[in-house]
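Report on the following structure.
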Amino acid sequence: MTKELQIYNTLTRKKEVFEPINAPLVGMYVCGPTVYSDVHLGNCRTFISFDLIYRYLSHLGYNVRYVRNITDAGHLEGDRDEGDDKFAKKAKLEQLEPMEIVQKYTLGFHDVMRIFNTLSPSIEPTATGHISEQIEMIKEIISNGYAYEKEGTVYFDVEKYSKEYNYGQLTNRKLEDLLEGTRVLGGQDEKKGRLDFALWIKAKAETLMQWPSPWGWGFPGWHIECSAMSTKYLGETFDIHGGGMDLQATHHSNEIAQSQACNHTVPVKYWMHTNMLTVNGVRMSKSAGNGFLPGELFTGNHPLLERGYSPMVVRFFMAQSHYRSTLDFSNEALQASEKGFQKLMKAGETLNKLITNAESTVNIKELKEKCYTAMNDDFNSPILIAHLFDAVRIINLINDGSEKINQSDLDELKSIYNTFVFDVLGFKKEDSESTSNDLTGELIDMVLNLRLDAKKNKDFATSDKIRDALTEKGVKIKDTKDGFDWEL
RNA sequence: GGUCGCGUGGCCGAGUGGCUAGGCAGCGGUCUGCAAAACCGUCUACGGCGGUUCGAAUCCGCCCGUGACCUCCA
């Protein structure tokens, strides 16, 4: 029986019991989006996964400070430490100010996060808002001897760092292997070592976003922002650092190196990495162009999509796989999730109508323990959902009269359902389009009332004729015990 | 080429030594004038070949297939 929360730590490549550094406080940093274009679904998966983690930690009673940054500066195109950053490039393309790009896509990102019912982070710092912190950190790294300046650009000295620390720790790689795997690239003569990466990059005259620094005008390298901001808001050593697996090898390895070189401490206790969303088995990514936007998914307006799927169905689809597994997208899988999600929601309505008995024939205590055991095992939401479907079956059996439940068990069952379905998994009820107010709805009601009359008179020829006609128009009719229900 | 994964029933997806999740689809039933919907029940799989073991989807070896990272991406 797993009673304690276990988290898979990328650093040690095994599950470890979660012991916060300063319980009940928990510091969690998650690498957020680079806001130079719309978030695609793969990005969303990571943030939804960490939303689940944030929700569960909070549910367990931890006071979590959840920091998720917005990258709005730097982040070079390609791997050469020269030229414009992504924002400037896009800005020229769209004839906008870089900060207009940032604003546009930040707002869009927040909209999508809200639609997916994710909770806002405690702090959402921006790279441009922390330039001085980054400069201070770079200065410290230089004075500690782990970075050097070359003509206005500052590089981190990976080989020097590797003499004292294990640079390839996070990916379990040796420095020699890393060096071997690195390609020789042009235009990098300034760097001493092939693995060295830029902390600060000298601006060209035409660079749109640039700031003054001890090394002249320039802009920060991508990795330093996370080190600077996580240190500022969570301290030199904090509990959880998360992000997508694609960041593990480069971004996070560099982050560890920077923080170590600056603060002389291990920055993070538990590293958590979410796996990729795939399409036909291949990673969904911006560069591959095989991703779609959340909006396209909701409307179905994309060649890969047969039709639209609601945000909660998508969230459910994602929760049905574990965050460390790849999840393959398909219409068939999403349609299966849609059915399942509706079943789960419907059981919630049934739950509120259950009638109690003097005795209980169902084991609610066991159900509750199973739910916690599942989540305590590295946030295993698929297992949790499996147990919730056991709860659904129990609810329906009680409703059918096959099982009985007493008041205290019913209260407990409601508590379990609401806690896990809404608080932890973060689902919310989706209103089916209410058409009761508009003319179409009123007309359909009217016609169906006529059909009801025909049925009462056993005039089934007429009632079937009405049903067939409405079905043809796309109105799904569901007869109930004493009336009808319909949807478009 | 190096590093690390993965391969589970028609589909998606958990599970890491015995008790063999779950959802969807299919099938059977209940309900219904009929149908739909809903509900109940049912379907017993782990890439191949060897090995370890009383026992392996689960551990080990080899092979095949496949993916990610090593270069910007969550």
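No hydrogens, no waters, no symmetry mates; every other heavy atom, side chains included, goes into these values. Lettering follows sequence order; numbering is per chain, from 1.
B:C46 and B:G41: their C1' atoms are spaced 25 Å apart (whole Å). When the P atom is compared between B:U44 and B:G22, the two are found 14 Å apart, to the nearest whole Å. Across B:A25 and B:C64, the matching P atoms stand 40 Å from one another, rounded to whole Å. Only the P atoms considered, B:C60 is 16 Å distant from B:U53, to the nearest whole Å. Spacing between B:C24 and B:G9 at atom C1', rounded to whole Å, works out to 13 Å. Separation of the C1' atoms belonging to B:A57 and B:G7 is 11 Å when rounded to the nearest angstrom. Spacing between B:C59 and B:A74 at atom C1', rounded to whole Å, works out to 34 Å. For the C1' atoms, the distance from B:C43 to B:C11 is 15 Å, rounded to whole Å.
For B:U42, the paired base is B:G26 (Watson-Crick or G-U wobble, both distances below 3.5 Å). Across the strands present, B:U32 finds no partner; the criterion is a Watson-Crick or G-U wobble pair with both atom distances under 3.5 angstrom. In this structure, B:C54 and B:G18 make a Watson-Crick or G-U wobble pair, each of the two defining distances being under 3.5 angstrom. In a base pair of the Watson-Crick type (N1 to N3 plus N6-O4 or O6-N4) or a G-U wobble (N1-O2 and O6-N3), with each distance short of 3.5 Å, B:G65 is matched with B:C6.
When distances are taken from the side chain of A:Asp390 to each of B:C69, B:C39, B:G22, the shortest belongs to B:G22. Distances from the side chain of A:Thr274 to the nucleotides B:A74, B:A14, B:G33 place B:A74 closest. Comparing B:C70, B:A74, B:G33 by their closest approach to the side chain of A:Met276 singles out B:A74. Set against B:C70, B:A36, B:A74, the side chain of A:Thr46 has B:A74 as its closest nucleotide. Distances were taken from every side-chain heavy atom of A:Leu397 (C-beta onward) to each of B:A74, B:C40, B:C70; the shortest belongs to B:C40. Checking B:C39, B:A37, B:C34 against the side-chain heavy atoms of A:Arg451 singles out B:C34 as nearest. Picking from B:C24, B:G13, B:A74 the nucleotide with the shortest atom distance to the side chain of A:Pro382 gives B:G13. In the set B:A74, B:C69, B:G13, B:A74 carries the atom at the smallest distance from any side-chain atom of A:Thr34. Counting only heavy atoms from C-beta on, A:Val282 has its side chain closest to B:A68 among B:A68, B:C11, B:G22. You'll find that the side chain of A:Arg393 is closest to B:G41, out of B:C12, B:A37, B:G41.
At a cut-off of 3.5 angstrom, counting only N and O atoms as typed in the model, there is no donor on one side facing an acceptor on the other between the side-chain of A:Asn275 and the base of B:A68. Side-chain to base pairing of A:Asp479 with B:C34: one donor and one acceptor N or O lie within less than 3.5 Å of each other. With hydrogens and angles left out, the side chain of A:Arg467 and the base of B:A36 share no donor-acceptor pair within 3.5 Å.
A heavy-atom distance below 4.5 Å is found between the side chains of A:Tyr54 and A:Leu119. Between A:Phe197 and A:Leu199, some side-chain heavy-atom pair lies under the 4.5 Å cut-off.
Under the 30°/60° scheme for interplanar angles, the aromatic rings of A:Phe379 and A:Tyr323 are found to stand perpendicular.
Geometrically, A:Arg68 does not engage A:Tyr29 in a cation-pi contact, judged by NZ or CZ lying under 6.0 Å from the ring centre and within 45° of the ring axis.
In this structure, A:Ser285 does not reach the B:C72 phosphate: none of its side-chain N or O atoms is under 4.0 Å from OP1 or OP2. The phosphate of B:G15 (OP1 or OP2) has a side-chain N or O of A:Asn380 nearer than 4.0 angstrom. Close to B:C70, at under 4.0 Å from its OP1 or OP2, lies a side-chain N or O of A:Thr250. Close to B:A38, at under 4.0 Å from its OP1 or OP2, lies no side-chain N or O of A:Lys343.
Side-chain contact check for A:Ser310 and A:Glu430: at least one donor-acceptor pair (N or O, by modelled atom type) lies under 3.5 Å. A donor and an acceptor atom, one from each side chain of A:Tyr105 and A:Asp72, are nowhere located under 3.5 Å apart.
Judged by ring centres under 5.5 Å apart and planes tilted less than 30 degrees, A:Phe389 fails to stack against the six-membered base ring of B:G22.
At a threshold of 4.0 angstrom between heavy atoms, the contacts of A:Asn396 are confined to the sugar-phosphate backbone, with no base atom among them. Counting any heavy atom pair closer than 4.0 Å across all strands shown, A:Asp328 reaches sugar-phosphate atoms only and no base atom.
Heavy-atom nearest nucleotides on RNA chain B were determined for A:Ile394 and for A:Ser330, and the one closer to the 5' end corresponds to A:Ser330. Take the nearest nucleotide of RNA chain B for A:Gly42 and for A:Ala386: the residue whose nucleotide is more 5' is A:Ala386.
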| Passes side-chain hydrogen bond (donor to acceptor under 3.5 Å, both in side chains), A:Thr71 versus A:Asn69? Steps please. | CA-CA 6 Å; A:Thr71 297; A:Asn69 65 296; 3.0 Å; yes
| When you look at A:Thr471 and A:Asp468, which way does the side-chain hydrogen bond (donor to acceptor under 3.5 Å, both in side chains) test go after all the steps? | CA-CA 5 Å; A:Thr471 301; A:Asp468 292 347; 5.2 Å; no
